[in-house]
Number of protein chains: 2
Amino acid sequence: MEQLLDILKKNQLSVTAGRKKILELFLSSPGALAHADIEKNTDAAFDRVTVYRTLQTFVDKGIIHNIPTSDNSILYALCKDKCEQGHHHDNHVHFICDKCNKTICLDDVTIPEVRLPKGFRPKHAEMVVSGVCDDCK
Amino acid sequence: MEQLLDILKKNQLSVTAGRKKILELFLSSPGALAHADIEKNTDAAFDRVTVYRTLQTFVDKGIIHNIPTSDNSILYALCKDKCEQGHHHDNHVHFICDKCNKTICLDDVTIPEVRLPKGFRPKHAEMVVSGVCDDCK
DNA sequence: TACGAGATTGCAACATTAGTGCAAATATCT
DNA sequence: AGATATTTGCACTAATGTTGCAATCTCGTA
């Protein structure tokens with residue numbers, strides 16, 4: 001609970017019920033969350049628009065980052081220590097379980113470097129592995 | 001042009017104007033295409049629904065595959081030889097250029113294996129690198 | 001503790017993107 | 001060319017995301 005306030009204050013965000021609740025969800029969730037998950041888990045206590053804006057604020061501040069997916073959903077997950085405003089460092093692999101459909105941040109698995117063709121300047125890399133997770137195996 | 005018919009026939013698809021045009025677009029495009037790109041490039045000659053259905057059919061048949069993106073867009077790109085119905089083998093890296101915003105299949109760059117934590121069974125991996133492409137550097 | 005400026009929220013309306021059923025049109029095979 | 005099965009387009013519905021603005025809330029200051 002202290003952690004919640006810490007994070008919000010560290011990012012110069014005023015503490016509101018919505019931000020507390022949504023941040024709490026992320027802190028207590030092992031995986032990534034979609035907008036829809038958040039609405040479900042808050043019993044729609046907050047307006048859709050508020051959720052959108054809160055997520056956007058959190059991304060801007062570097063509290064959460066989004067994860068690429070092949071379908072058209074946007075997933076969000078907590079950033080680790082090294083993320084700051086406008087400067088994300090989430091260079092870990094994400095895992096999507098085909099059975100339970102959860103997305104999990106593998107914080108200890110860093111994205112390997114790849115050799116690109118001539119002329120390509122890489123700046124950022126994302127890697128998503130899908131399969132069966134530890135819980136579902 | 002022969003190639004077009006070949007691909008369609010090989011996949012037991014009847015040859016229609018829409019499928020020809022859309023497949024032609026993919027064959028002549030260096031990068032990935034979104035639904036919107038296709039509508040633009042065909043001057044809306046085909047119904048939106050037809051485009052959706054055609055893309056879905058192509059994915060099902062293994063002619064194209066979709067590419068994960070961090071925003072909420074769905075991108076499609078041609079599959080290479082080894083893709084068959086219900087069985088994609090597009091294990092190459094995708095590159096998104098921050099300047100021209102194009103998505104390019106780096107067919108020669110294969111996705112490296114990663115060591116996952118205990119209990120995780122990987123089945124498929126996606127990797128997207130962003131930065132500046134050869135044309136924009 | 002009460003106040004006020006500024007930030008945040010909720011509502012309503014709007015915009016975009018995607019999916020479905022069904023009748024009309026088209027492709028394929030003979 | 002004609003029959004059959006597939007494909008297309010239209011109308012409708014649904015889900016998802018965005019914007020303006022008034023009401024509400026937060027936080028520093030008194």
Side-chain angles (χ1 to χ4, degrees), chain A residues 1-2 4-25 32-61 63-64 66-76 85 101 103, chain B residues 1-2 4-25 32-61 63-64 66-76 85 101 103:
Chain A
M1 193 58 193
E2 272 307 302
L4 269 178
L5 302 180
D6 263 18
I7 294 175
L8 292 177
K9 282 180 182 161
K10 208 171 285 172
N11 288 284
Q12 295 133 27
L13 291 174
S14 36
V15 178
T16 67
R19 285 179 181 163
K20 273 198 290 185
K21 182 67 191 167
I22 291 174
L23 187 49
E24 197 185 322
L25 267 180
L33 297 171
H35 176 97
D37 297 324
I38 291 167
E39 285 210 77
K40 244 173 271 163
N41 283 299
T42 53
D43 289 318
F46 308 102
D47 197 81
R48 270 172 351 102
V49 179
T50 301
V51 177
Y52 281 121
R53 286 195 273 226
T54 303
L55 289 173
Q56 190 54 55
T57 304
F58 284 1
V59 171
D60 290 345
K61 291 293 186 178
I63 300 173
I64 60 178
N66 53 18
I67 301 173
T69 56
S70 287
D71 59 3
N72 64 331
S73 65
I74 310 182
L75 290 179
Y76 300 90
Q85 184 161 357
N101 217 34
T103 300
Chain B
M1 193 55 193
E2 272 307 302
L4 269 179
L5 302 180
D6 263 17
I7 294 175
L8 291 177
K9 281 180 183 160
K10 206 172 288 172
N11 288 284
Q12 295 130 27
L13 291 173
S14 37
V15 178
T16 66
R19 286 179 181 163
K20 274 198 291 186
K21 184 66 191 168
I22 291 174
L23 187 49
E24 196 185 323
L25 267 180
L33 297 172
H35 176 98
D37 297 324
I38 292 166
E39 285 209 77
K40 245 174 269 163
N41 284 300
T42 52
D43 289 319
F46 308 102
D47 196 80
R48 272 172 349 100
V49 179
T50 301
V51 177
Y52 281 122
R53 288 196 271 227
T54 303
L55 289 172
Q56 190 53 57
T57 304
F58 284 1
V59 171
D60 289 345
K61 291 292 186 180
I63 299 173
I64 59 178
N66 53 18
I67 300 173
T69 57
S70 286
D71 59 2
N72 64 329
S73 64
I74 311 184
L75 291 179
Y76 301 90
Q85 184 162 358
N101 217 33
T103 299

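Note that the structure is predicted; figures quoted are calculated from it, not measured. Just so it is clear: chains get the letters A, B, ... in the order the sequence lines come, proteins before strands, and each one is counted from 1.
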Requested in this report: For B:Ile38 and C:dA18, give me the distance from atom CD1 to atom P, rounded to whole Å.
Outcome: 11 Å
Query raised in the report: Given atom CD1 of A:Ile22 and atom C1' of C:dT9, what is their separation to the nearest angstrom?
Result: 11 Å
**Report entry** Short side-chain N/O contact to D:dG9 OP1/OP2 from B:Thr50, under 4.0 Å
**Finding:** yes
Report summary line: Among D:dG17, D:dT8, D:dA11, the one nearest any side-chain atom of B:Val49 is D:dA11
Query raised in the report: For the side chain of B:Arg48 and the base of D:dG9, is some donor closer than 3.5 Å to an acceptor across the two?
Result: no
Report task. Specify the separation, in whole Å, of atom NZ of B:Lys61 and atom P of D:dT6. Result -> 11 Å
Requested in this report: Would you mind reading off the distance between B:Lys21 atom NZ and D:dG9 atom C1', rounded to a whole angstrom?
Outcome: 19 Å
Report task. Find out whether A:His35 and A:Arg48 are in side-chain contact, i.e. whether some heavy atom of one side chain is under 4.5 Å from a heavy atom of the other. Result -> yes
Requested in this report: Provide, to the nearest angstrom, the distance between the CD atom belonging to A:Gln12 and the C1' atom belonging to C:dA7.
Outcome: 13 Å
Query raised in the report: Of B:His35 and A:Arg19, whose closest DNA chain C nucleotide lies nearer the 5' terminus?
Result: A:Arg19
Report summary line: B:Asp47 CG to C:dT17 P, in whole Å, measures 15 Å
Report summary line: Which of C:dG10, C:dT8, D:dT18 is nearest the side chain of A:Tyr52? It is D:dT18
**Report entry** Residue mapping more 5' on DNA chain C - nearest nucleotide basis, B:Ser73 or B:Thr16
**Finding:** B:Ser73
Query raised in the report: Just wondering, do B:Thr54 and B:Thr16 contact through their side chains at under 4.5 Å, heavy atoms?
Result: no
Report task. Assess whether side chain to side chain contact (heavy atoms under 4.5 Å, CB included) is satisfied between A:Val15 and A:Arg19, documenting all intermediate values. Result -> CA-CA 7 Å; A:Val15 178; A:Arg19 285 179 181 163; over 6 Å; no
Query raised in the report: So does A:Arg53 reach the base of D:dG17 with its side chain, donor to acceptor, closer than 3.5 Å?
Result: no
Requested in this report: Select one nucleotide: of D:dT8, D:dG17, C:dT9, the one nearest the side-chain heavy atoms of A:Ile74.
Outcome: D:dG17
Query - Nearest to side-chain heavy atoms of A:Ser14, which nucleotide of C:dA27, C:dT8, D:dC10 - result: C:dT8
Report task. Send over the distance from A:Lys20 NZ to C:dT8 P, rounded to a whole Å. Result -> 15 Å
Report summary line: Paired with B:Thr69, the side-chain contact (heavy atoms from CB on, under 4.5 Å) test is passed by just one of B:Ile74, B:Leu75, B:Thr103, namely B:Leu75
Report task. Would you mind reporting whether A:Phe58 and A:Ile22 have side-chain heavy atoms less than 4.5 Å apart? Result -> yes
Query - Euclidean distance, atom CG of residue A:Leu55 to atom C1' of C:dT9 [Å, nearest integer] - result: 15 Å
